[in-house]
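These notes are about the structure you will find just below.
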Amino acid sequence: MHASQPLIQQSPRDTAMDMADEMLKLAERGDWEQLEHVTVMLRSAIVKVPEDQRVQTVVAVQAITRQVRELAEQSRGDVMSRLKAIRRGQNAARAYGVTGHHQTISDQRAGA
């Protein structure tokens, strides 16, 4: 085999399925920005799939995107829980007067 021979290219369907699989891996890692980029490319890849294979490909991709959506919703829930905990902490700190800020003039007068 000669090094100058072209690499074997995947079929458009295989390319689309690889992209869908990559989306799932990115979702599992929480790399939402890169996932969005792959999603845009996937749309273009699906259009290149021959019509006789397109429905089957779209159904397979939809199954993967459901998994991606579930991971995204789970991640969103985790982030929302963390934000709520941070807000509760901030509210508690304010209630106890622990804000991490310097005292105001009125605070200094009240203490004097």
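Note that the coordinates shown come from a computational prediction; the quantities given were computed from them, not determined experimentally. Side chains included, hydrogens not; waters and symmetry mates left out as well; all remaining heavy atoms used.
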Identify each donor-acceptor pair in which a side-chain atom of residues 51-69 lies under 3.5 Å from a protein atom, sequence neighbours left out, and give them as a table.
unit_1, atom_1, unit_2, atom_2, d
Arg54, NE, Ile46, O, 3.4
Arg54, NE, Val49, O, 3.1
Arg54, NH2, Val47, O, 3.0
Arg54, NH2, Val49, O, 2.8
Thr57, OG1, Arg13, NE, 3.3
Thr57, OG1, Gln53, O, 2.7
Thr65, OG1, Val61, O, 3.2
Thr65, OG1, Gln62, O, 2.9

Under 3.5 Å, sequence neighbours excluded: what are the donor-acceptor pairs made by side chains of residues 22-37?
unit_1, atom_1, unit_2, atom_2, d
Asp31, OD1, Gln34, N, 3.2
Trp32, NE1, Gly30, O, 3.4

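Judged purely by distance below 3.5 Å, without hydrogens or angles, the side chains of Asp14 and Ser11 pair a donor atom with an acceptor atom.
Scanning both residues, Pro12 and Lys48, for their nearest heavy atoms gives CB-O, 3.5 Å.
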